[in-house]
Every structure is written in structure tokens, then in C-alpha cells.
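Structure first, commentary second.
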Number of protein chains: 4
Amino acid sequence: MPEAESTETSAPRRRQARGERRVAQLLEAAAGVFCRSGYAAASTNAIAREAGVSPGTLYQFFPNKEAIAIELGGQLLHKAAETHGQAFLPENLALPLPELLDAVLDPVIAFNCENPAFCALMHGSGIPGHINDEHEALHTGIQERVEQVLGHLTPGLSTAERAVTAHVVLAVFKSSLDLILASEGAEREAYIAEVKTLLRRYLEPLVAPLPTTP
Amino acid sequence: MPEAESTETSAPRRRQARGERRVAQLLEAAAGVFCRSGYAAASTNAIAREAGVSPGTLYQFFPNKEAIAIELGGQLLHKAAETHGQAFLPENLALPLPELLDAVLDPVIAFNCENPAFCALMHGSGIPGHINDEHEALHTGIQERVEQVLGHLTPGLSTAERAVTAHVVLAVFKSSLDLILASEGAEREAYIAEVKTLLRRYLEPLVAPLPTTP
Amino acid sequence: MPEAESTETSAPRRRQARGERRVAQLLEAAAGVFCRSGYAAASTNAIAREAGVSPGTLYQFFPNKEAIAIELGGQLLHKAAETHGQAFLPENLALPLPELLDAVLDPVIAFNCENPAFCALMHGSGIPGHINDEHEALHTGIQERVEQVLGHLTPGLSTAERAVTAHVVLAVFKSSLDLILASEGAEREAYIAEVKTLLRRYLEPLVAPLPTTP
Amino acid sequence: MPEAESTETSAPRRRQARGERRVAQLLEAAAGVFCRSGYAAASTNAIAREAGVSPGTLYQFFPNKEAIAIELGGQLLHKAAETHGQAFLPENLALPLPELLDAVLDPVIAFNCENPAFCALMHGSGIPGHINDEHEALHTGIQERVEQVLGHLTPGLSTAERAVTAHVVLAVFKSSLDLILASEGAEREAYIAEVKTLLRRYLEPLVAPLPTTP
DNA sequence: GATGAATGAGGATTCATTCAT
DNA sequence: TATGAATGAATCCTCATTCAT
């Protein structure tokens, strides 16, 4: 008789647990749908269906479609943070550039390969211009992290220069990530190697007085 | 009998002229809407409204939304071809890399700044997977052009390597273009300079035995 | 110099001639489209296109879609009348029933096979109830003709009985005609024979004291 | 725990009940609209309006217009089957023809008078050629039933002859049904009697060595 | 919470018809 | 006359969101 033993704390706790399961369920479904259709073309009904719940249930946990994307982004970010150290920031920023790139990019790429929804979300609504505040926030967060790393790497740059470089690095990396995610096997490896080469050559002159570029 | 002749020919001519004006009007409106909303989110009704005509009128000139995008892409390509020599291919591919990049990128960037719709169209439907045949064709065409130039630049690469490089160059350039188009004035200039730097550093080792990178 | 010699009578005449050609052109096109799509699904634009003229031209000769059907029906009726004597009424109504049926039905069937649009028109707009006045008129005209023949055949019937019989005969014949038109070759011949048998057996008891049915 | 149980089962049950009511409502509305306008001219919006719901609601229960027709046809067929024995096939096929016709036709006619939508559906889309698969299926089903009965009646006919006869019988009956449905009272009775007479006279020579036709 | 029915504006597209030329 | 552009309401259908149960 579980009802009897349910104290004032355990019943809500169970409910809350169930709620979290639901949220997880919905987010997983959303991840799938976003990947398959992109954010804009994903319909909330499709997400609910994929999650095996009714549309109403979805709206019990998320006020609207955007909120799903935001939460999903957040969760993925969090997952990334706990899987890979402090959100992809390697402990040792003093590594030589090629090793640093490996240290930073390998986990990020691996994470995106395992969670392709993350990339789908990064591309935003497909509607240019002001996507949306929270979406923007995700972006900005990543952006800042890139700037942080760049700050360590290239102390000689002005803030403005660093911002430009960070934007370029991020944009370039994102588009390369699409290439990586769209391919498989050896081709994917080739793209991965190529992005690293690209970024290494781009950043090397900024970071070291004695470039070792081949 | 000039009267009969002139009326018989000038009336259709005027009508045709009006039709062409409408098409131009509609394409301009479409360009605007595509820029603002992206291809997928652009509605034919919105395009018609922007053009100041009824939905029916739009469909007198275009069989469907895709046809608008295709025609717009075609017109822009054509416009590009006649504005800038032979579709952005500079006469002299033997230029030193920095000059070559200027020669290739400056017109392309200028063109995209003047015709931001082109970029919007390049981004496709936003729906992953099979976008659409003609859309794809546009892409492939550009792709081939990039490979051509790369062929001249880097005769040492295998076909597969060249394809990878071309994809990366194109992806990188497209994403940088977004940055450029999203900014203005000095910021824009900074991005432009940065893309060139990026590509120069990336390609230099491939092209020249004696790199001049600072 | 045809303009000079065009007197006040010949110019209008030419215009009128041209008009009649246009009408014929349009009606022929309409016949084709009605056959292929049925009356309801036929679009005036499609008719104009088939006729090789613009929608506007069509509306210069016909006030609306219905008018086309009416005129087409009329023309076909007229054509029938002049091809086959006095609109399918045989000279000799005193023939024995089987011969009479041949004499009446063979031309009608032949005519409908050559002009399948007629049948398409008879089926009306597909919208039950009061189709439309003129459409109705066509129907009524045929109806009356059937009653005429029946009047000769079966003088014993009351007016009401005759009306019922005429309606049944007509309905039955129309539906059989569909079967005939939908088939070809031997199958068509079989249907033709069958309709005659059907009508013969139906009418024989009404017409003759001594049935000769096998 | 009856409370929990009752709420957990009765709420869905009530919802489901509402859904079924809606479906019934929509089908009834569809029946009305199909009758008034025919299948082709019936609009889903009109059906929804007639049912007093929004277009979206209609599409919650039916994926498209055709599905409505199919479901309505199915329901009517089912209703027919349970109202009248085994889909209008009388127990005793060995009855004398006049009684057999009464036994077969009376229920069919009664059913169609009570459910005129059935007849509207039978007339198909109005567009010649390939109507639609399920529509076709309905037709074929009826066709087969007619052939079955004919098989009992007229064992002397070849398969091909039987098919022709069945087609003719069905076509003739359908068109007569239109007449019946379009009339009322005594007129309707007259038409009913007349169809029976027609079919009796048509089939008698096929079925019996000693015709009793008056 | 969970359900799924309900909404209604909006999507692309068609079409009979009108109008300026 | 002939043209074809122009109209706009109507078509089927979708979707984010809400509501009663």
C-alpha cells in the first residue's frame, strides 16, 4: 500500500521525479525532431508525439516551443560541462597550439557528434536577425568562452580584435561542424583534421612568436 | 500604316513591360522577405503583400514559392556575372595569394552586401537533408568554381583533398559572410579583413613553397 | 490593300466571321476540357488555354462558364439535328419496336461516341438539385422528345405515366451511355446491344399486344 | 479504491465519448454537405461549419476530405448491413423474380431514402477517369454482390455476359435511384414501381424458361 | 498532471471573373 | 477585339497554443 506510507514529502517528490522524467522525455524527443527537421520546421505536436505524450502535456512543462529549445540547449550545455571538464575548457591553456586545439576541439566535436541536436539548436530559428533573447544567451555564453581562451592565447590583441577573432573562430567552427556532422567515417575524420589545420594556421601567428607551421 | 502597327505592337509591348516590371517587383519583394525571414519562413502572401499585389498576381508569374527562389537566385547569379567578370573568377589566377584573395573575395563580398538575398537563398530551406534540386544545383555550381580555383592554386592536392578543402573554404566563407552582412562600417571592414587573413593563412601552405605570412 | 476595299459591310462581316471562329474554337476547347475533367472541374482558364486564347477573350464571347456549357450543348444539339434527321426522331415511328430502337438509338449513340462532350454536359454540374435553368432547358428538351416518341408508341398511357416512363427511359439510357462511352470495341458493342435489349423488354409490353420477346 | 479508478477511467472515457460524438457529428455534417453539393464540390470548411466546429477540429479526426468520404461510406455500409440482413442479400434467392426484386430492392431503396448521402458518394468525384482507390473499392464491392445474385438467377450466362449484365443493372438502378431520391410521395412510389418493372422485364427472360410477364 | 479535443489564424495555391491597355 | 495582368475569396490543410475534463 504505497499511498499510506507516502508522507508529505515523498508524494511531491515522486511527482517531481515524474515531472523530471517527463521533461527529459520531451527534451529527448525534441532533440530528435530538431535534428531531423531543424528548429523552425519542428512542430510541437511532432515533439509531443515523439515523446509519446499529448500536446497538452508538453505545454504543462514548457510555455512554448522556444522554451523547449532553450531548455534543451541548457541541458546539453550542462551535460557537456559534466562530461568534459568545465565546459570544454582544458585545464592547461598553456599547451602548444596544436595540442591545445586537440584538447579543446576533440571533446567539442565528440560531444556534437553524440548530440547533434546541439548543433541544430545553434543554427537558431533560421530567421535572420534577432533570433530570440535566450537563444542569443546560449550563443553569447559560448562566445565568451571562446574569448576567454583567446585571451589566454593571444594576450596581445585588443578587446575589439579579440571579439572579432572570437566571432570568426566560432562561425568558422560552427560551419565546419556542419560538414563534420554531415559526413561519416574517413570523410568525417578528414574534415576534423582540416578544421584543426585551418584554426591552427589562423591562430598560430597570433599566439606564438615562433610559428611551427609546416 | 504606322498607326495600326504601332498600336498592335506597342500594346502587347506595354503589357509585357508591365509583366516584367511585376516580376522584378515580386523578385525584389521576395528578396526582402527572404532576407528578413529566411526562405522557409517566407510566405508567398507576405511576398505578394510586400510587392503590393494580390496573391493571385504572384501566381500569375511564378508557379510556386520555390520557383521564386530559383528565379531570384538565377537573376542574382546573372547580375553577378555581368557586374563582375565571369562569375567572380579573376582573369589572372597566377596572382600572389593575398592579391588573389582580394581579387576573388572583394567582388563576392561587395555583391553579397548589395544583394543580401543571395546569401539568404544560399542557406537553403533550413530543413536538413535534401533541400531541393535547383537549390542544390546553385550550391554545386559554386562548389565547382571553388574547386576550379583551388585546382589552379594547389596542383599538388589529390581530388579528394581538393574536395575537402573546397568544402571547408566554402563553408568558412559562407559563415564569415553572415558575420560581414550582420555588421556595418568599421566592424564590417574588420570582418572582411579577418576572413581574408583566415583564408590566406589556411591556403598559403598549400600554394606556395615560400610562405610570406607574417 | 484589303483595308481600302473593306466596305461598311465587309469589315463587320469579317469581324463577325472571326468572332464565330473564336466561338467555335472556344467551344471545341471546352468540349475537350469538359470531357477530360467533367463540367465542374473544368476551369475557364484551362478552356482558354486549350483554345489558345487569353481568359479575357473567352469572356468576350461568354459571360461565364455556364454559358459555355449551354452554348456547347446547343451547338451539339444543332449539329445532331442536321447530321441525323430532325434531332434523332426517325421518319417512321410506326416501325416495330426493335427496329425503332435501332433507328433511334444508333444515331444517338454514334453521335455521343463522336461527341463525348455532350454526355459530359448532360451530367450537369455534379451539384445535385437545381443545376441551372438553361442546363435544365437542354434536359427538358430531350425529355420532351422522348415523351413525344413514347406518345406515339404507347397511346394508352396517361400523361403522368408517360412522364414517369420517359424519365426512366432517359435516365436508364444516360447511365448506359456512360458504360458505352467508357468501353471500346467488342465490349462497347456488347453494352450497346444490352441497352437495346433492356429498353426493348421494358417498352414492349407497353407498345404491343403481342410481344415478340425471345 | 473506486474514486481513483473511476476518475482515471471515466475521464478518458468521457473524452473518447466526446471524440466519437464529434466524429459522428462531422460525418452527419459531411453527409448533408455531400448530398447538397456532391462530393467534389463539398468543402471541408463547409463540413466543419455545418458541424459547428473549426476546420482544425475536423482535421483532428480525419486526415483529409477523402477520408471523410471513405469513413462515411463505411459507416453507411455497416449501418446497412446491420439494418438489413447481410448487406441486402435476401435469404432466399430462389424466390420468383418479382418477389426477389422486392426483397432486394425495397431495403436498398429504403436505405438510400433514409441515407441519401450514400447515393451522393456512389456518384464519385465527378471527375472522369480514376476516381480514387477506396471509392473504387466500394463500387467494386457492390458490383460483386450484384454479380453474385445474378449468378444465382441466371446460371446460363457466361462470366463476360454476366459482368455486362451486372454493370447494366447497376448503372440502371443507380440512375433510377436518383429519380427516386429526387421525388416524393406518390411520384416516388411510381418511380419505385417502375424500376422494378424495368428490371423484372429485363431479367425475366434470363432467369425463367416460362416468363410470366403480363 | 495528463489528456486530447478545440481553436483560428495562417500557409500555399486555384479560379471565375474584371480591367486597363 | 484581344490580351494578360489583376483580383480576392475560397480551397485544403497545418500548427502553436488553450481548455475542459
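Residue numbering restarts at 1 for every chain, and letters A, B, ... go by the order of the sequence lines.
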Verify the contact: side-chain N or O of C:Arg22 to OP1 or OP2 of F:dT1, cut-off strictly under 4.0 Å; return yes or no.
-> no
DNA chain F: 5'-proximal contact among B:Ser54 and A:Pro63 (nearest heavy atom) = B:Ser54
Side-chain contact test, heavy atoms from C-beta onward, threshold under 4.5 Å: evaluate it for D:Leu72 versus D:Phe118 and give yes or no.
-> no
Which nucleotide in the set F:dC13, E:dA16, F:dT17 lies at the smallest distance from any side-chain heavy atom of C:Thr44?
-> E:dA16
Closest listed nucleotide, where the reference is the side chain of B:Asn45 and the choices are F:dA16, F:dT3, E:dG11 = E:dG11
If only side-chain N and O atoms of D:Thr57 are considered, is one of them under 4.0 Å from the OP1 or OP2 phosphate oxygen of E:dA5?
-> no
Whole-Å gap separating C1' (F:dT1) and CD (C:Gln25) | 13 Å
Side chain proximity check, B:Ile70 to B:Leu121, heavy atoms < 4.5 angstrom = no
When you check the phosphate oxygens OP1 and OP2 of F:dA16, does a side-chain N or O of A:Ser43 lie under 4.0 Å from one of them?
-> yes
Rounded distance [0.5 Å steps], OH in D:Tyr39 versus NZ in D:Lys65 | 5.5 Å
Atom-to-atom span, OH of D:Tyr39 to P of F:dC12 - whole angstrom = 9 Å
Distance (rounded to the nearest 0.5 Å) between C:Glu66 CD and C:Thr44 OG1 = 13.5 Å
For F:dT17, does OP1 or OP2 lie under 4.0 Å from any side-chain N or O of A:Tyr59?
-> yes
What integer distance in Å separates B:Leu26:CG from F:dT7:C1'?
-> 14 Å
DNA chain E: 5'-proximal contact among C:Arg49 and D:Pro55 (nearest heavy atom) | D:Pro55
Give the rounded distance in Å between these two atoms: CD of A:Glu66 and P of F:dA16.
-> 13 Å
Side chain to side chain contact (heavy atoms under 4.5 Å, CB included) between C:Phe62 and C:Leu27, intermediate numbers included = CA-CA 10 Å; C:Phe62 300 100; C:Leu27 289 178; 3.8 Å; yes
Length of the CZ-P vector between D:Phe62 and F:dC12, whole Å = 15 Å
Per A:Phe61 side chain, nearest of listed nucleotides F:dT7, F:dT17, E:dA2 | E:dA2
Round to the nearest Å and state the distance from B:Asn64 atom CG to F:dC12 atom P.
-> 20 Å
Hunt down the Watson-Crick or G-U wobble partner of E:dT21, both distances under 3.5 Å, from any strand shown, or write none.
-> F:dA2
Under 3.5 Å on both distances, the Watson-Crick or G-U partner of E:dA12 | F:dT11
Of E:dA12, F:dC13, F:dA5, the nucleotide closest to the side chain of B:Gln60 is F:dA5
On DNA chain F, more 5' by nearest nucleotide between D:Ala42 and C:Leu58 is C:Leu58
Give a yes or no on whether A:Glu28 atom CD has more than 12 heavy-atom contacts from other residues, nucleotides or ligands under 6.0 Å away.
-> no
Roughly how many Å is it from CD in A:Glu20 to P in E:dG1, rounded to a whole number?
-> 11 Å
Nearest-Å distance for atom pair CZ/P, residues D:Arg21 and E:dA5 | 12 Å
